Visitor: 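This is the structure I have questions about; it appears just below.
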Amino acid sequence: MIKKITVLLLGLMLFIPINGFAAFESKVSIDMHYIVVSPAEDGSTNMMNMVNYTNTSSEEIKGEGSDEAVLKVTLPKGAKELNFLDNKIAIKQVDEGFITTTPVPANQTQVLPYSYRMEKGKEISLTVDYQVQMMQILVPEGMGSIETKGVQATSQGLFKFDDQNYFGYSIEGLKAGQSFSLVYNKDVQPAADETKQAQTTSDRSKNSAVTHTAPAFHNPGHLRMWAQSPLHRFNPHVFLIILGAIIIAAISYYAYFKRKARLEEERLGSDKEEKAFKLLMAKQKAIMDKIIELEETFGDGKLSESEYHAKLDAYKQHLVQVKLNLRHFIE
């Protein structure tokens with residue numbers, strides 16, 4: 001009996017590290033995950049997702065053997081009306097969410113847009129299946145706000161594109177298997193965006209008394225030269241003090257303005273990078289909004305299936321290019 005228990009424990013000890021090592025070696029990471037949260041007409045909560053799955057390995061990822069799953073997506077409990085916005089990716093629903101079976105080429109990114117609804121007032125428990133570099137949660141202006149539990153979310157303030165304002169929330173560095181909750185309240189609006197006040201620094205010069213003790217003996221030649229100069233009416237000691245003060249002030253002002261110019265150049269460079277980053281973020285959000293609008297137009301029957309797929313492919317290609325440009329700021 002004891003021998004059987006020992007063998008069983010040894011088997012469990014071997015099984016745990018193998019599973020942990022396999023999870024650690026995941027070839028998939030998510031660099032961007034967007035979620036647009038908004039109220040539906042029936043009072044439920046719309047959850048529009050767009051996720052960028054990147055194959056970080058040099059080999060194609062595809063389902064093998066009995067496990068046909070390429071990507072796994074865990075949905076919150078209570079999620080309903082699951083809808084996929086790209087029929088080129090093969091999808092199969094499972095108990096806890098869905099899986100994709102379309103292979104992901106080596107070192108490439110697959111953009112997966114999907115949406116679902118949650119019950120009104122229900123706390124939304126999310127679990128990430130892969131490592132997420134950045135998650136952006138957007139709420140249309142005037143349609144409420146969100147509160148996160150179990151993770152730190154940073155408010156990104158108000159963004160505007162296509163005549164629509166969104167409040168953004170950013171979450172960084174989510175680990176595979178990490179869970180957190182969202183509480184969405186369509187009746188509570190976020191606080192007004194605080195204006196950033198630029199902090200300016202100024203150099204303050206301290207007045208110091210300068211004393212100069214004249215030597216007991218002055219060179220007669222120096223005295224004669226001073227007496228014959230146009231400045232002979234001035235006290236030479238006072239003149240030297242004034243001249244020294246002017247030189248010190250000139251050096252100080254030169255250093256001050258040179259430092260100020262350097263700080264201004266650094267500030268302009270920083271502002272330029274910040275503007276470039278915000279522009280790229282606005283482009284990504286605009287593309288996401290266009291995809292949502294495209295899905296609604298297609299759902300209303302205003303577009304043919306060929307036009308829908310052509311536009312969707314164009315949006316996806318633009319999104320991947322903008323995302324690659326954003327990677328320079330994130331990495």
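None of these values were measured; they are calculated from a predicted model. Positions are given from 1 along the sequence.
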Visitor: From Leu294 CG over to Ile287 CD1, what is the distance, rounded to the nearest 0.5 angstrom?
Guide: 12.5 Å
Visitor: Can you sort out the partners of Glu119 under side chain to side chain contact (heavy atoms under 4.5 Å, CB included), two or more places apart, ordered by chain and number?
Guide: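 Lys122.
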Visitor: Is it possible for you to say whether Val139 and Leu158 belong to one hydrophobic cluster, with membership spreading through side-chain heavy-atom contacts below 4.5 Å?
Guide: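 Yes; tracing contacts between hydrophobic side chains, which count when under 4.5 Å, links both residues.
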Visitor: Going by ring pair (Phe, Tyr, Trp, His ring centres under 6.0 Å), name the residues that satisfy it together with Tyr315, two or more places apart in sequence or in a different chain.
Guide: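 Residues passing ring pair (Phe, Tyr, Trp, His ring centres under 6.0 Å) with Tyr315: none at all.
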Visitor: Which pairs, with at least one residue in residues 89-114 and sequence neighbours excluded, count as a salt bridge (Lys or Arg N to Asp or Glu O under 4.0 Å)?
Guide: Glu68-Lys92
Visitor: Could you check if a side-chain atom of Val128 sits within less than 4.5 angstrom of a side-chain atom of Met135, using non-hydrogen atoms only?
Guide: yes
Visitor: Is there a donor-acceptor pair under 3.5 Å between the side chain of Ser252 and the backbone N or O of Ile248?
Guide: yes
Visitor: Any luck finding a side-chain donor-acceptor pair between Asn49 and His33 under 3.5 Å?
Guide: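 Judged by distance alone, the side chains do pair up.
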Visitor: Quick check for you: to the nearest 0.5 Å, what is the distance between Leu182 atom CG and Ile124 atom CD1?
Guide: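 Rounded to the nearest 0.5 Å, the CG-CD1 separation comes out at 5.5 Å.
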Visitor: Lys72: what forms a side chain to side chain donor-acceptor pair (under 3.5 Å) with it, not counting sequence neighbours?
Guide: none
Visitor: Less than 4.5 Å apart, side chain to side chain, heavy atoms only: is that true for Thr102 and Val70?
Guide: no
Visitor: Roughly how far, to the nearest 0.5 Å, is OG of Ser145 from CZ of Phe167?
Guide: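 So the CZ of Phe167 and the OG of Ser145 are separated by 9.0 Å.
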Visitor: Give every residue pair that meets the salt bridge (Lys or Arg N to Asp or Glu O under 4.0 Å) criterion with at least one member in residues 35-56, sequence neighbours excluded.
Guide: Asp42-Arg117
Visitor: Kindly write out the residues that satisfy ring pair (Phe, Tyr, Trp, His ring centres under 6.0 Å) with Tyr184, not counting sequence neighbours, or none if the list is empty.
Guide: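 If we apply the ring pair (Phe, Tyr, Trp, His ring centres under 6.0 Å) test to Tyr184, skipping adjacent residues, there are no hits.
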Visitor: Just how far is it from atom NZ of Lys283 to atom CG of Leu279, taken to the nearest 0.5 Å?
Guide: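 Here the rounded value is 4.5 Å.
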Visitor: Same cluster or not: Leu75 versus Ile99, using hydrophobic residues (I, L, V, M, F, W, Y) connected whenever any side-chain heavy atoms lie under 4.5 Å apart?
Guide: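 Unlinked, Leu75 and Ile99 end up in two clusters.
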Visitor: Using the rule given for side-chain contact (heavy atoms from CB on, under 4.5 Å), can you reason through Val111 versus Val320, listing the C-alpha separation, both sets of side-chain angles and the distance that settles it, and then say yes or no?
Guide: CA-CA 8 Å; Val111 181; Val320 171; 3.9 Å; yes
Visitor: Just wondering, do Leu126 and Ile35 contact through their side chains at under 4.5 Å, heavy atoms?
Guide: yes
Visitor: So which atom in Pro140 and which in Val36 form the shortest heavy-atom distance, rounded to 0.1 Å?
Guide: CD-CG1, 4.5 Å
Visitor: Taking all non-hydrogen atoms of both residues into account, name the closest pair between Ala106 and Asn55 and its distance.
Guide: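 In this case the closest contact between Ala106 and Asn55 is CA-ND2, 3.4 Å.
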Visitor: Determine whether Thr56 and Thr54 satisfy the following criterion, side-chain hydrogen bond (donor to acceptor under 3.5 Å, both in side chains), listing intermediate values before the conclusion.
Guide: CA-CA 6 Å; Thr56 59; Thr54 299; over 6 Å; no
Visitor: Using side-chain hydrogen bond (donor to acceptor under 3.5 Å, both in side chains), reason through Ser181 and Glu123 one step at a time and then give a plain yes or no.
Guide: CA-CA 7 Å; Ser181 298; Glu123 184 173 306; 3.1 Å; yes
Visitor: Would you say Gln321 and Gln317 make side-chain contact, with heavy atoms under 4.5 Å?
Guide: no
Visitor: For the residue pair Lys77 and Met118, what are the closest heavy atoms and their distance?
Guide: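 Reported closest heavy-atom pair: O-CE, 3.3 Å.
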Visitor: Between Glu147 (side chain) and Val183 (backbone), is there a donor-acceptor pair under 3.5 Å?
Guide: no
Visitor: Could you tell me which residues satisfy side chain to side chain contact (heavy atoms under 4.5 Å, CB included) with Glu60, sequence neighbours excluded, listed by chain and number?
Guide: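 Side chain to side chain contact (heavy atoms under 4.5 Å, CB included) check on Glu60 returns Lys62, Pro103.
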Visitor: Is the shortest side-chain heavy-atom distance between Val37 and Leu138 below 4.5 Å?
Guide: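 Side-chain contact under 4.5 Å: no.
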Visitor: Considering all heavy atoms of both residues, which atom of Phe180 and which atom of Lys149 are nearest to each other, and what is their separation?
Guide: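 Phe180 and Lys149 have their closest heavy atoms at CB-O, 3.3 Å.
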Visitor: Is there a side-chain contact (heavy atoms from CB on, under 4.5 Å) between Val51 and Met32? Walk through the geometry before answering.
Guide: CA-CA 6 Å; Val51 192; Met32 290 288 182; over 6 Å; no
Visitor: Output, in order, the C-alpha distance, side-chain angles, deciding distance and verdict of side-chain contact (heavy atoms from CB on, under 4.5 Å) for Val28 and Leu71.
Guide: CA-CA 8 Å; Val28 178; Leu71 300 175; 3.9 Å; yes
Visitor: Looking at residues at least two apart in the chain, or sitting in another chain, which of them share a side chain to side chain contact (heavy atoms under 4.5 Å, CB included) with Ser170?
Guide: Met134, Gln136, Gln156, Glu172
Visitor: Per the ring pair (Phe, Tyr, Trp, His ring centres under 6.0 Å) rule, what does the pair list look like for residues 68-101, sequence neighbours excluded?
Guide: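 Output for this query lists Phe84-Phe98, Phe98-Tyr114.
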Visitor: Considering all heavy atoms of both residues, which atom of Asp187 and which atom of Asn185 are nearest to each other, and what is their separation?
Guide: N-OD1, 2.9 Å
Visitor: Enter the distance from Leu174:CG to Ser179:OG here, rounded to the nearest 0.5 Å.
Guide: 10.0 Å
Visitor: With sequence neighbours left out, what residues match Lys88 under side chain to side chain donor-acceptor pair (under 3.5 Å)?
Guide: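 Partners of Lys88 by the side chain to side chain donor-acceptor pair (under 3.5 Å) criterion, ordered by chain and then number, come out as Asp313.
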Visitor: Just verifying a value: how many Å separate Lys290 NZ and Glu293 CD, rounded to the nearest 0.5 Å?
Guide: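 Nearest 0.5 Å value for the NZ-CD distance: 5.0 Å.
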Visitor: Taking atom types as modelled and ignoring hydrogens, do the side chains of His309 and Asn87 form a donor-acceptor contact shorter than 3.5 angstrom?
Guide: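 Checked: His309/Asn87 side chains pair up, N/O donor to acceptor below 3.5 Å.
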Visitor: In the structure I gave you, are the side-chain heavy atoms of Tyr116 and Met48 within less than 4.5 Å of one another anywhere?
Guide: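 No, their side chains stay 4.5 Å or more apart.
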Visitor: Of the non-hydrogen atoms in Met143 and Ser38, which two are nearest, and what is the gap between them?
Guide: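 Distance-wise, the nearest heavy atoms are SD-CB, 4.2 Å.
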Visitor: Kindly indicate whether the side chain of Met50, heavy atoms from C-beta on, has any atom under 4.5 Å from the side chain of Leu112.
Guide: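 Heavy-atom side-chain distance check fails, nothing below 4.5 Å.
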Visitor: Begin with the C-alpha distance, continue with both residues' side-chain angles, and end with the deciding distance and a verdict on side-chain hydrogen bond (donor to acceptor under 3.5 Å, both in side chains) for Tyr166 and Asp289.
Guide: CA-CA 11 Å; Tyr166 292 87; Asp289 192 63; 2.7 Å; yes
Visitor: Test of understanding: with side chain to side chain donor-acceptor pair (under 3.5 Å), list the residues that count as partners of Asp129, not counting sequence neighbours.
Guide: Thr74
Visitor: Under the side chain to side chain contact (heavy atoms under 4.5 Å, CB included) rule, collect the residues that match up with Gln152, sequence neighbours excluded.
Guide: none
Visitor: How about Ser304 and Phe298: do any of their side-chain heavy atoms sit closer than 4.5 Å?
Guide: no
